Structures are given as C-alpha cells and as structure tokens.
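Labels below follow one simple rule: chain letters A, B, ... track the order of the sequence lines, proteins then strands, and each chain is numbered from 1. Since the structure is predicted, the reported quantities are computational estimates derived from the model, not experimental observations.
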2 protein chains.
Amino acid sequence: MPYIKIKICIFNSTGFPVIIYVNDKVLMENVTLRILADKLNLSVTTVSKALRDSYEISEPTKQKVRELATALHYTPNAYARSLRTGKSETIGVVLPEVADHFFALVINGIESVAKTAGYHVLIYLTHEDYNREKEILEYIRKGRIDGLLISVTKETTVADHITKFAPENIPVIFFDRMMEQVEVPKVVTNDFESCYQATQHLLDSGCKQINLCTISDNLIISKQRIAGYIKALQDNNIPAGKDNILFCREDDNSYTQIYNLLKSENRPDGIISLVDKLTLPVYIASEKLGLTIPGELKLVSYSNNPSAGILNPSLTTVSQPAFQIGQTAAKLLISSMGSKRNQVLNEVTVIPSNLVIRASSGQKTN
Amino acid sequence: MPYIKIKICIFNSTGFPVIIYVNDKVLMENVTLRILADKLNLSVTTVSKALRDSYEISEPTKQKVRELATALHYTPNAYARSLRTGKSETIGVVLPEVADHFFALVINGIESVAKTAGYHVLIYLTHEDYNREKEILEYIRKGRIDGLLISVTKETTVADHITKFAPENIPVIFFDRMMEQVEVPKVVTNDFESCYQATQHLLDSGCKQINLCTISDNLIISKQRIAGYIKALQDNNIPAGKDNILFCREDDNSYTQIYNLLKSENRPDGIISLVDKLTLPVYIASEKLGLTIPGELKLVSYSNNPSAGILNPSLTTVSQPAFQIGQTAAKLLISSMGSKRNQVLNEVTVIPSNLVIRASSGQKTN
DNA sequence: ATGAAAGCGCTAACAA
DNA sequence: TTGTTAGCGCTTTCAT
C-alpha cells in the first residue's frame with residue numbers, strides 16, 4: 001500500500017506558518033497567548049498574568065493555564081515582549097579576540113553569570129580594529145542589548161562611540177582594557193603591582209639584570225606593567241631604562257630578537273615576558289645557546305596557558321584572574337541594569353593577578 | 001555664577017524616555033519612524049519605504065528622509081522589525097567550549113561571515129554538558145534566532161532537542177561534532193583520512209610500532225580517527241589492536257601515563273596524539289628518558305596551536321581547517337535561511353585537514 | 001478575579 | 001507616488 005502524506009500549512013498574514021497538519025495530526029502550531037486563551041475560554045490578559053504568577057489570578061486558573069502552556073510547549077515570543085518592555089534580556093560583549101586564552105576565559109566567566117541570571121550573550125569581535133569597534137557599537141546601540149561589556153582595541157583612543165550608550169540608558173562596563181577618561185565602572189587586574197611583584201621576585205632570586213619582553217602597543221595595561229617593573233627596580237636602586245625593554249613587533253621574528261638578546265654581551269639573567277607567546281621562544285633560544293633555566297636565566301611570564309606547569313622547567317607565571325574578571329563584570333552589569341535609570345558610578349574593581357612560582361624563576365625545584 | 005543644570009525627561013507610556021532636554025537643548029530623542037514622518041509631513045509608510053529605498057518613492061523624498069534620518073541618528077528598532085517580519089538577523093552558535101583554540105577559530109570564521117552578511121551572533125556554551133545543551137536549545141528555540149550552528153557535547157546521543165528546530169522553520173547546521181542520524185547539513189573535516197595519512201606518514205618515516213594517544217570519549221570524530229589509524233596499519237599488514245591506543249582520561253595524570261608508556265619494554269617508535277594537550281607531555285617525558293625526537297621517537301599531533309612550529313624539535317601536525325569550517329557553516333546557514341521554507345538537504349561538506357610535516361616526524365631537518 | 005482596550009515601532013496589503 | 005489601515009504578540013492601565 002502506497003504511503004500518502006498530506007501536509008497542510010496555515011499561514012498568518014505575514015506569511016508565517018501558524019498551524020501545520022500532517023495527515024490530520026497537528027504537527028506544529030505556533031502557540032501564542034491568544035491560542036491558550038481561546039482554548040481555555042479566558043482572556044489574553046488573564047493568561048499572561050497567570051503565566052507570570054500574578055497575585056490577581058486565582059490558583060485554579062493559574063493551574064489550568066500552566067498545564068496547557070506546558071502541554072503545548074508555549075514559549076513567549078521574545079520580540080513581542082522586548083518591543084513592549086523595552087528589554088531584551090541580552091548583554092553584548094565586544095572584545096578584540098576570542099582565540100586568546102585570556103579572553104576566552106573571560107567569556108566563560110561572563111557566560112556563566114549571564115546563564116544563571118537568564119541573560120543571553122551577544123559576542124562581537126573587533127580584531128583590534130578601531131573602525132570595526134565603532135561600527136559594531138553603532139550597530140548594536142538601538143534595541144538589541146540591555147547592557148554592554150567592552151574591552152577596547154589597542155588602537156582605541158577616543159571614546160565617542162562608547163559614551164553614546166549613556167543616553168540610550170544602556171549601561172556600559174569595561175573589562176581589562178579600559179579607558180580611563182570614560183566614566184563607567186571598570187573591572188581590571190592589578191597590572192602595576194603584579195609586574196612590580198614579578199620584578200621583585202626575580203631580584204629576590206638573585207637576578208642582577210632583568211629585561212622586559214613585550215609586543216609594542218599602547219594599552220594602558222602594558223604601560224602599567226612597565227611602570228611597575230621600573231618602580232621595582234628603582235626601589236632596589238637599580239637603574240632602569242627603556243633599553244632594557246625588548247619590543248617584539250608582531251610581524252617581526254620575535255624568536256630572532258630574543259635569540260640575539262640572549263647571545264649579546266650584556267645578556268640579562270632575568271626576563272619578564274608580558275605576553276604568553278614570547279615564552280616558548282625564550283625557552284628554545286636558551287637551549288640553543290646552552291643557557292640553563294633557571295641557572296643562568298630566570299624567567300617569569302604573563303600567561304593563562306594551562307601548560308605552564310608542564311613546561312620543562314615549569315614556568316613561573318603571572319596568571320590573570322580572567323574567569324573572575326568576566327564574572328565580576330557581568331554581575332556588575334546585570335545589577336546596574338536592574339536599577340532603573342541610575343547610572344552607576346565610575347568605580348574600578350581590581351581583581352589581583354597571581355604570581356605562581358614554579359621552577360623557571362629559580363626559587364623552587366622542578 | 002552658579003551653574004544650574006535643568007534636565008527634563010519625557011517618558012512614553014511604558015516608562016521609557018522619549019525626549020530628554022538639558023537646559024533647553026534636546027539631548028536625546030528616541031527617534032522613530034513616526035517622529036521622522038511628523039517632522040517631514042509624510043506618512044510613516046512613506047518614510048519606511050524611503051529608508052528601504054523602495055522604487056515607489058520619489059528621489060527627492062528619499063533624499064529628504066535620508067537626510068533627516070542621519071541627522072537625528074535614526075536606527076530602526078530591532079524588536080519591532082523582528083516582531084513584524086519574524087526575522088531577527090541573528091544566528092545562534094551552540095558549542096562546548098570557547099577556551100579551545102579550535103573552537104575559537106571556528107567562531108572567528110562564523111563571525112567573519114556573519115558580520116559581512118549583516119547578522120548578529122549569539123553564542124552559548126555547553127561545557128560538554130548534555131543537559132545544558134538541551135536547556136539552551138529550549139531557551140532559544142522561539143524567536144531569538146533565525147538559524148542555528150551547533151557542535152554537540154561528548155555526551156549527546158539523542159537529538160530530540162535538535163530536531164525540534166525544523167518545525168519552527170529554523171535551519172540547523174552541524175559543524176565538526178555532528179550527529180549522523182540528524183538530517184541536516186554538516187560541515188566537518190576528514191578525520192578518517194587525516195589519521196590514515198598521519199599513520200602512513202609515520203610508517204613512511206620508518207616507524208615500526210605506532211601508538212595513538214587520546215582522551216577517552218565517544219565522539220564520532222575520535223572514532224573516525226581511530227578507524228583511519230587502524231585501516232592504515234592494516235593496509236600495511238601491521239596488526240593493530242586496542243592495546244596500541246592510550247586513553248588518557250582528563251582527570252588522570254596524563255604525563256605519568258605517557259612517561260610509563262615510553263619507559264616500557266615495548267615502547268613505540270611513533271606516536272600520534274589526537275589532542276593538542278598531550279603533545280607537551282610527550283616532549284617532556286622523552287627528554288626525561290633521554291629519547292631523542294625524531295631519532296628514537298617520531299611524533300605527529302592534531303593541533304591548531306600556532307606554537308607547533310616553534311617547539312624544539314618543531315612539531316609535525318594535523319591541522320584542522322577551523323576557520324574555514326566556521327566560515328563554510330555560516331555561509332551554508334545564511335543561504336539556507338534565505339530560501340523560504342526550503343529545508344536544505346542532508347549534505348556533508350568535508351574540508352580536509354592538513355598534514356604539516358615538520359621535524360618531529362623525522363622527514364625534515366630543523 | 002477577570003477582561004477590554006491601547007499601544008510598543010514596524011511592515012505590508014490595499015486604497016487613493 | 002503617497003497614505004490608510006491592520007496587525008505581529010505581548011504587557012499594562014483601567015474598568016468590571
């Protein structure tokens with residue numbers, strides 16, 4: 001016997017399917033409050049209130065409504081609700097890059113909080129491009145998000161595109177890469193202190209000449225780290241100059257630069273790497289040159305890479321509280337979205353980084 | 001003279017600010033089509049059509065409308081438009097983890113395509129938790145997204161939560177971690193072939209006994225890689241058994257397991273690591289045991305880590321086309337959202353992985 | 001305790 | 001070429 005399938009679709013005025021029958025069985029029905037109301041002989045208002053557990057509605061009615069709603073898999077239409085209430089239960093996250101362990105962990109933190117609080121997370125990547133950042137903010141400023149978390153690009157120097165969110169009543173919070181001149185809350189880590197601490201640690205381990213390796217950039221966080229490094233040296237009466245800082249431009253061959261540094265006459269006996277990706281080059285260059293770590297060269301690196309402990313020798317790191325930064329920023333944002341039209345203050349939350357001492361800095365074996 | 005600031009806000013019925021005056025200057029006005037229409041003595045319809053460059057509207061009118069719109073920074077209200085059209089210009093991405101270089105690159109690929117096509121990207125993380133995946137899909141099924149890109153958790157074995165999207169007319173596409181039984185397009189890489197190729201490569205380099213190292217899991221992609229490995233051995237008349245596969249459970253100390261393997265009587269002379277994070281342990285264990293790579297042990301690893309080339313010796317990798325997978329999946333999704341109610345076919349797009357031969361597998365010096 | 005009516009801002013069918 | 005009208009699905013007064 002041949003199988004005959006009859007499918008009937010009923011569309012609404014917009015051309016959207018409302019009911020689909022397949023062989024007389026209702027396959028899908030776009031369940032709205034209206035439909036629930038009709039089936040129960042109630043008004044839309046009552047159903048709406050019942051589902052939101054209003055005190056105005058009697059218990060038996062609520063019961064009936066809830067039952068039917070779950071039976072028909074009712075889910076409120078997000079657009080309609082948002083249009084009416086002006087809220088979207090969505091927070092926007094704008095950041096330079098997601099293929100970076102630090103930012104990835106921040107996103108995890110944000111997402112965990114958002115999920116718990118019932119918020120959705122829209123993510124936009126700037127790829128360190130200021131124009132793209134501007135474009136994105138323009139694009140999401142109206143109606144898509146209830147709040148914004150942002151970590152600016154290295155290029156960002158003016159903040160017009162960010163301050164525009166205030167009049168829209170969309171709270172903004174900076175995380176990690178903030179702009180001092182914008183009066184919104186900021187969640188950052190203690191870059192000055194952590195680098196001061198790292199420097200002091202190397203000095204305590206016996207280093208006489210410590211170099212900094214970084215990628216050239218304009219970020220406040222880099223400047224603060226450098227300042228912390230210089231301050232620590234000064235406090236120990238060691239002259240510090242710009243020539244002790246190695247800027248490895250991203251497009252250059254950073255390995256060669258590091259190799260040359262370690263090969264030179266006055267090579268350092270201590271290195272602080274401000275970025276993760278310069279760590280491996282230091283290890284390999286040292287091995288090539290027969291320099292032992294931590295014997296002849298001590299190393300500390302900013303890193304959130306879980307393989308730090310497994311390197312040989314294990315790597316002393318300054319590890320940033322990425323997950324907590326994300327969590328904290330998200331919590332602050334969500335609570336400031338709750339308070340109606342109360343612009344939150346220009347407060348800075350500092351979550352300290354951890355100096356995790358392992359073998360590469362010489363105070364611990366293995 | 002004291003500075004007096006007078007701020008007047010006018011709210012609409014919902015309690016939202018419509019106009020804000022500060023000292024008689026309009027600071028903000030929630031610009032809608034209605035406001036544009038009133039100021040220009042036109043109807044809302046005309047303005048709407050003009051802004052969408054309709055052929056029905058005269059050029060001078062369009063001109064006027066556009067001018068005022070940009071002058072007042074008009075942006076259409078996304079909720080209202082979505083409610084009316086049933087489209088949100090948003091695609092949802094559900095995946096296990098973002099702090100994983102592979103997935104991070106996939107997201108970059110998706111985002112690049114979405115951005116170009118004018119789509120927003122909602123990201124949800126499952127953290128390998130099936131229940132969370134189910135919850136998330138339930139949560140976004142109504143009205144938030146126009147299309148879904150998903151890579152399932154290791155735990156996911158049933159697909160009810162995914163098939164529910166078809167009747168909502170929301171196209172779904174799998175990327176990387178797909179489910180064979182669900183009839184939607186899939187974008188994957190050639191796991192069987194790539195592992196076959198890696199195995200053959202090691203055999204060609206002179207290996208007699210090749211072991212596989214992986215984390216125990218149920219993913220199809222892992223099974224396919226293992227199958228490819230076994231097939232290659234068979235094709236070379238080498239017996240292959242499960243005992244040549246080392247399962248490093250995530251919670252165990254994988255380093256110790258690898259160390260013991262390399263220390264044992266019948267240690268392998270070739271290793272294929274199916275996951276990035278087992279690479280460094282192999283390097284370190286070899287060094288501890290005085291085994292030279294590639295002399296006594298040849299190594300290939302699945303990895304998207306950019307530092308593969310910088311390891312010593314440089315690491316031969318199977319690198320997955322993560323970015324392209326993201327791009328392709330997003331393109332397919334967007335094109336299938338364009339075609340009205342035409343369910344796309346159950347097609348599988350395979351984007352091949354690359355075997356990047358470097359020093360660790362012995363066919364290349366340096 | 002329940003319901004009628006208005007309207008969020010937009011688009012689309014249908015006049016004029 | 002422009003305007004009138006209706007309505008997407010929901011929440012929120014304000015009756016009843």
Side-chain angles (χ1 to χ4, degrees), chain A residues 10-18 29-38 40-65 69 72 74-89 142-144 146 168-169, chain B residues 10-19 29-38 40-65 69 72 74-89 142-144 146 168-169 340:
Chain A
I10 301 176
F11 301 98
N12 68 14
S13 67
T14 324
F16 256 65
V18 176
E29 181 170 6
N30 192 2
V31 191
T32 65
L33 285 185
R34 181 68 207 285
I35 287 177
L36 296 180
D38 285 357
L40 291 166
N41 269 325
L42 287 168
S43 77
V44 173
T45 313
T46 308
V47 175
S48 169
K49 284 177 180 166
L51 287 174
R52 274 171 302 134
D53 202 25
S54 163
Y55 66 96
E56 296 174 287
I57 306 298
S58 73
E59 205 43 59
T61 308
K62 283 183 188 172
Q63 199 83 30
K64 279 194 302 181
V65 172
L72 298 185
Y74 168 77
T75 324
N77 181 306
Y79 311 141
R81 175 175 282 175
S82 294
L83 177 57
R84 187 58 234 254
T85 61
K87 294 282 161 202
S88 60
E89 267 117 50
K142 270 282 169 48
R144 277 221 131 80
D146 295 346
E168 302 283 347
N169 260 302
Chain B
I10 300 177
F11 300 98
N12 68 12
S13 68
T14 324
F16 255 66
V18 176
I19 307 185
E29 180 168 5
N30 192 2
V31 190
T32 65
L33 285 184
R34 181 69 205 286
I35 288 176
L36 296 180
D38 285 358
L40 292 165
N41 271 323
L42 287 169
S43 78
V44 174
T45 314
T46 307
V47 176
S48 170
K49 284 176 181 166
L51 287 174
R52 276 170 303 134
D53 202 24
S54 163
Y55 65 96
E56 296 174 289
I57 306 299
S58 72
E59 204 44 58
T61 308
K62 283 184 189 173
Q63 200 82 31
K64 277 194 303 181
V65 171
L72 298 185
Y74 168 77
T75 327
N77 180 306
Y79 312 141
R81 175 176 282 174
S82 294
L83 176 59
R84 187 61 234 253
T85 61
K87 294 284 161 201
S88 59
E89 269 118 51
K142 271 282 168 50
R144 278 221 130 78
D146 295 345
E168 303 283 348
N169 260 302
K340 288 192 180 181

Is there a side-chain contact between Tyr79(A) and the phosphate of dG7(D), meaning an N or O under 4.0 Å from OP1 or OP2? no
Nearest-nucleotide wise, let me know which of Glu56(B) and Asn77(B) is further upstream toward the 5' end of DNA chain C. Asn77(B)
Integer-rounded Å distance: dT2(D) C1' and Lys64(B) NZ: 11 Å
Looking only at heavy atoms, which two atoms of Ile57(A) and Lys49(A) are closest? And how far apart? CG1-CB, 3.7 Å
List the atom of Gly86(A), the atom of Asp146(A), and the distance in Å for their closest heavy-atom pair. O-OD1, 4.3 Å
Arg52(A) side chain near dT12(D) phosphate (N/O to OP1/OP2, under 4.0 Å): yes
Between Ser43(A) and Leu33(B), the residue closer to the 5' end of DNA chain C by nearest nucleotide is Ser43(A)
Rounded to whole angstroms, how far apart are CG on Leu83(B) and P on dA12(C)? 13 Å
Go through dA13(C), dT11(C), dT2(C) for me and flag the one nearest to the Thr61(A) side chain. dT2(C)
Report yes if a side-chain nitrogen or oxygen of Ser58(B) is closer than 4.0 Å to either non-bridging phosphate oxygen (OP1 or OP2) of dT2(D); otherwise report no. yes
Phosphate-side-chain proximity, Tyr74(B) and dC10(C), N/O vs OP1/OP2 below 4.0 Å: yes
Please say which of Thr46(B), Leu40(B), Val47(B) ends up in a side chain to side chain contact (heavy atoms under 4.5 Å, CB included) with Ser43(B). Thr46(B)
Determine the contact category for Thr32(B): base if any of its heavy atoms lies under 4.0 Å from a base atom, sugar-phosphate if only primed atoms, P, OP1 or OP2 are that close, otherwise nothing. sugar-phosphate
Distance, rounded to the nearest Å, where Leu42(A) contributes CG and dA1(C) contributes P: 14 Å
Spacing between Glu59(A) atom CD and dT2(C) atom P, to the nearest angstrom: 11 Å
Rounded to whole angstrom units, what separation is found between the CD atom of Glu89(B) and the P atom of dT11(C)? 10 Å
Shortest non-hydrogen pair, Val31(B) vs Tyr74(B), comes out as O-CD1, 3.4 Å
What's the closest nucleotide to the Thr45(B) side chain, out of dG3(C), dA13(C), dT2(D)? dA13(C)
In whole angstroms, the gap separating P of dT1(D) from NZ of Lys49(B) amounts to 11 Å
Rounding to a whole Å, what distance do you find between Arg84(B):CZ and dC10(D):C1'? 15 Å
Taking only side-chain nitrogens and oxygens of Ser48(B), does any of them come within less than 4.0 Å of OP1 or OP2 of dC10(C)? no
Show the nearest heavy-atom pair for residues Ser82(B) and Ser88(B), with the distance to one decimal. OG-CA, 3.5 Å
How many Å lie between CD on Gln63(B) and P on dT1(D), as a whole number? 15 Å
